[in-house]
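We count residues from 1, following the sequence as given. Remember, predicted model here, so these are calculated numbers, not experimental data. For the numbers below, each heavy atom of this structure counts, side chains included, while hydrogens, waters and symmetry mates do not.
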Amino acid sequence: MNPELAIVLGLLAAAIAMFAMNKPRMDAVGLIMLTILPFTGVITMSESLAGFSDPNIVLLGALFVIGEGLVRTGVAQRLGDWLMQAAGTSETRLIALLMTVVATLGAFMSSTGVVAIFIPVALRVAQSTGMAPSQLMMPLSVAALISGMMTLVATAPNLVVNSELVRHGKAGFSFFSFTPFGVPILVLGIVYLLFARRWLAATSDRDAGSSRRVSLLDWVEKYQLAEREFRVRVTPQSPLVGKTLGEIDLREDSGINVVAIERQRGFSIDVLAPRARTALQAEDVLLVDVFAPRMDIHKACLRLALDELPLTGAYFSDRSQEIGMAEVMVAADSSLVGKTVIEAGFRTRFRLTVVGLRHGQIAMVAGHLTEVLRVGDTLLLIGPWKEIGRLQSDRSELVLLNLPAERSEVLPVPGKALQALVCLLVMVGLMVSGIVPNVQAALIACLLMGALRCIDLDSAYRSIHWKSLILIVGMLPFSIALQKTGGVELAADGLMAMTSGAGTYALLASLFAITALLGLFISNTATAVLMAPVALAIAGDLHASPYPFAMIVALAASTAFMTPISSPVNALVMGPGNYKFGDFVRVGVPLSLMVMIVCVLLVPWLLPIHPS
């Protein structure tokens with residue numbers, strides 16, 4: 001071993017130790033190594049900074065942006081809603097569908113992002129079905145990790161290995177090169193988790209139920225809105241057609257308060273906030289609040305030529321993207337004190353509608369609009385989320401008390417899901433066809449998402465996981481340094497000597513095992529950076545195809561099931577699933593062994609070691 005290699009290995013050991021202790025954080029370690037390595041004289045500063053110009057780094061950043069676009073437009077949320085409907089009451093079907101959906105979505109965006117999206121979905125499913133969260137969180141994390149084995153862009157290690165192939169003058173993997181391995185492993189993971197989940201605690205955290213946030217449905221019951229809220233359609237014969245709300249004044253004439261207006265626009269339905277200048281059109285659907293104590297809605301509909309439509313308490317939950325609610329309290333020095341709701345002009349001042357009023361704990365069933373407001377009264381307001389958000393900045397008149405759980409699920413960019421899907425399909429199509437490089441295809445998709453307003457620049461920059469990118473850039477110089485000092489050849493020769501005479505399968509199994517075990521202590525991305533050159537060196541020594549050896553490293557890097565620190569995905573589900581360290585060991589170790597066996601059998605079959 002030459003002195004330069006000893007120094008590089010010493011720095012590598014220091015980096016691994018810092019990774020294991022998580023002090024300092026991983027991206028800081030990458031920056032430290034990127035700065036120190038040129039002082040060894042093995043590589044130049046330009047070589048140390050080469051990772052910043054690597055197309056795969058730009059590609060990875062672009063994929064973060066595309067994933068954020070899918071989240072902001074509701075593509076991921078709609079998948080979750082479909083999941084609950086399709087699964088029904090079958091736990092087996094639920095777990096199979098959950099893992100399939102997560103793995104499919106994770107094939108095109110960050111697995112960490114997918115898990116972050118689906119944790120609240122899974123918790124909501126667990127609450128509605130009575131399942132323990134622990135029964136869903138482990139399948140969620142396993143599926144997210146397997147998603148890294150589905151496509152080239154699914155996870156950073158795949159791109160690192162692909163970049164190493166290109167750097168050695170070889171053609172990289174195609175977009176779907178990983179899919180023939182990922183699909184069987186996903187099926188294996190689903191079948192295994194259906195049995196292995198019985199090893200996980202089946203009891204849920206009972207305290208979670210007691211601290212559950214209030215929902216829109218809770219307020220519907222609490223303020224008895226179901227008895228006062230109605231949906232009516234404006235017929236072409238109605239005298240209301242063409243008139244503004246200010247002109248007809250339904251509150252004064254009929255004791256009816258218009259809360260929202262649904263209007264058909266092309267293939268979508270817009271929900272409009274009522275304003276005095278809003279003109280009604282034929283086929284508009286009005287959500288109305290009947291506040292007059294003895295008002296007969298049926299007679300009013302006949303007089304005004306309105307069609308009654310069905311309305312359930314779930315309407316507000318179904319429309320929670322457009323219509324929000326909030327509980328507020330009348331402040332001590334508020335100018336609203338001593339006025340009725342109508343006199344206070346809530347719709348003009350706050351652009352919100354009062355649909356509920358409580359004096360203390362008693363909610364008024366009717367007549368709340370003519371009730372004089374007192375200090376400390378609680379009002380239930382309904383209207384656009386944007387206007388509700390403005391209440392938080394001004395507490396002089398109203399103090400915001402409570403927001404429903406549905407607030408956290410409101411999309412920043414509703415109504416753009418189709419456009420986001422088109423951008424995703426354009427990227428995939430360009431990558432599969434090979435018309436342009438992968439990084440250019442991803443950048444085109446990002447620009448399309450921006451042009452179609454699926455994402456803005458601020459949210460795009462925030463979506464990029466800069467720590468991951470800096471970590472990869474900081475660790476890439478080790479690959480160059482180890483090759484220059486003979487470290488890669490030394491590791492390859494050692495592995496070949498260890499498996500001498502044992503055959504190709506034993507060599508692939510050893511390479512897989514070392515990569516997976518190294519991933520217990522450092523990130524799977526850093527593992528791929530270190531092991532990809534070793535795999536290609538072994539292929540060179542054997543005069544074999546580099547692809548099966550590169551693929552085995554990429555697949556092993558995603559086999560991070562064994563501990564909660566193996567991947568950020570596992571760390572994310574540990575809390576919601578109430579898992580202990582041993583749960584991951586108990587479930588993850590057998591699964592990792594089975595995945596290794598499948599990979600060692602499939603890889604040389606689909607990617608021959610010595611192609612003819």
*Asks:* Looking at R93 and A86, what are the two nearest heavy atoms and their distance?
*Replies:* CD-O, 3.4 Å
*Asks:* Could you walk me through whether F512 and M596 pass side-chain contact (heavy atoms from CB on, under 4.5 Å), step by step?
*Replies:* CA-CA 7 Å; F512 188 103; M596 182 178 72; 3.3 Å; yes
*Asks:* Could you check whether any side-chain N or O of T527 sits under 3.5 Å from a backbone N or O of A557, counting only pairs where one atom can act as donor and the other as acceptor?
*Replies:*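 Such a contact is absent between T527 side chain and A557 backbone.
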*Asks:* Main chain of R197, side chain of Q135: is a donor-acceptor contact present, judged purely on distance under 3.5 Å?
*Replies:* yes
*Asks:* Determine the minimum heavy-atom distance between C454 and V413, stating which atoms define it.
*Replies:*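 Result for this residue pair: O-CG2, 3.7 Å.
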*Asks:* Assess the residue pair L136 and L140 against the criterion (side-chain contact (heavy atoms from CB on, under 4.5 Å)); give the C-alpha distance rounded to whole Å, side-chain angles, the decisive distance to 0.1 Å, and a yes or no.
*Replies:* CA-CA 6 Å; L136 293 177; L140 173 59; 6.0 Å; no
*Asks:* Would you mind checking if E47 and K484 are paired as a salt bridge, meaning a charged N to carboxylate O distance below 4.0 Å?
*Replies:* yes
*Asks:* Answer yes or no: is there a side-chain heavy-atom contact under 4.5 Å between W466 and Y461?
*Replies:* yes
*Asks:* Looking at L159, is its backbone amide N or carbonyl O close enough to the side chain of S163 to form a donor-acceptor pair, meaning the two atoms are under 3.5 Å apart?
*Replies:*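 Absent.
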*Asks:* Does some side-chain heavy atom of F561 sit less than 4.5 Å from a side-chain heavy atom of V589?
*Replies:* no
*Asks:* Which atom names give the shortest non-hydrogen contact between L37 and F478, and what distance separates them?
*Replies:*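 For L37 versus F478, the nearest heavy atoms are CD1-N, 4.0 Å.
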*Asks:* First locate atom CG of N162, then atom CG of L59, and finally report the distance between them rounded to the nearest 0.5 Å.
*Replies:* 9.0 Å
*Asks:* Keeping T559 on the side-chain end and L555 on the backbone end, is there a donor-acceptor pair under 3.5 Å?
*Replies:* yes
*Asks:* Identify the heavy atoms of E68 and S459 that sit nearest to each other, and give their distance.
*Replies:* CG-O, 4.2 Å
*Asks:* State whether the side chain of Y547 and the backbone N or O of P608 hold a donor-acceptor pair below 3.5 Å, judged by distance alone.
*Replies:* no
*Asks:* Side-chain contact, heavy-atom cut-off 4.5 Å: L602 with P184?
*Replies:*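 They are in side-chain contact.
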*Asks:* Mind checking whether L508 and I609 have side chains closer than 4.5 Å, heavy atoms only?
*Replies:* yes
*Asks:* Could you go step by step and tell me if F549 and V534 meet the side-chain contact (heavy atoms from CB on, under 4.5 Å) rule?
*Replies:* CA-CA 9 Å; F549 296 91; V534 175; over 6 Å; no
*Asks:* How long is the straight-line distance from CG of D27 back to CG of L34, given to the nearest 0.5 Å?
*Replies:* 12.0 Å
*Asks:* Sequence neighbours left out, cut at 3.5 Å: what donor-acceptor pairs do the side chains of residues 418-446 make with other protein atoms?
*Replies:*
residue, atom, partner, partner atom, Å
S433, OG, G429, O, 3.0
S433, OG, L430, O, 3.1
S433, OG, I435, N, 3.4

*Asks:* Between K416 (side chain only) and L452 (backbone N and O only), is there a donor and an acceptor less than 3.5 Å apart?
*Replies:* yes
*Asks:* Kindly compute the distance separating CG (L403) from CD1 (I388), expressed to the nearest 0.5 Å.
*Replies:*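 Going from the CG atom of L403 to the CD1 atom of I388 covers 7.0 Å.
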*Asks:* Please round to the nearest 0.5 Å and tell me the distance separating atom CD1 of I552 and atom CD1 of I514.
*Replies:* 12.5 Å
*Asks:* Taking L607 as the fixed residue, which of P180, P548, S177, P546 is the one that meets the side-chain contact (heavy atoms from CB on, under 4.5 Å) rule?
*Replies:*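 Among the candidates, only P548 passes.
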*Asks:* Are the aromatic ring centres of F173 and F178 under 6.0 angstrom apart?
*Replies:*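 Yes, ring centres under 6.0 Å apart.
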*Asks:* Answer yes or no: is there a side-chain heavy-atom contact under 4.5 Å between K170 and V166?
*Replies:* no
*Asks:* In Å, rounded to the nearest 0.5 Å, how long is the span from CG of L145 to OG of S592?
*Replies:* 9.5 Å
*Asks:* Any salt bridge linking R72 with D456? Criterion: basic side-chain nitrogen under 4.0 Å from a carboxylate oxygen.
*Replies:* yes
*Asks:* Would you compute the distance between atom CD of E4 and atom CD1 of I43 and round it to the nearest 0.5 angstrom?
*Replies:*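 That separation rounds to 13.0 Å.
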*Asks:* For T179 and M150, indicate whether the former's side chain and the latter's backbone hold a donor-acceptor pair under 3.5 Å.
*Replies:*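 Judged by distance alone, yes, a pair lies under 3.5 Å.
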*Asks:* Can you list the steps and then say if F108 with I66 is a side-chain contact (heavy atoms from CB on, under 4.5 Å)?
*Replies:* CA-CA 9 Å; F108 303 100; I66 292 166; over 6 Å; no
*Asks:* Are side-chain heavy atoms of F584 and Y579 found at a separation under 4.5 Å?
*Replies:* yes
*Asks:* Please examine the side chains of V153 and N158, heavy atoms only from C-beta on, and report whether any two atoms are closer than 4.5 Å.
*Replies:* no
*Asks:* For I185 and C599, which heavy atoms make the closest approach, and how far apart are they?
*Replies:*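 Looking at all heavy atoms of both residues, the closest pair is CD1-SG, 3.6 Å.
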*Asks:* Would you indicate whether the side-chain heavy atoms of M449 and V65 approach each other to under 4.5 Å?
*Replies:* no
*Asks:* Please check if the side chain of T515 supplies one atom and the backbone of V553 the other of a donor-acceptor pair under 3.5 Å.
*Replies:*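 It does not hold such a pair.
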*Asks:* Looking at every non-hydrogen atom in both residues, tell me the closest pair between T35 and L31 and how far apart they are.
*Replies:* OG1-O, 2.8 Å
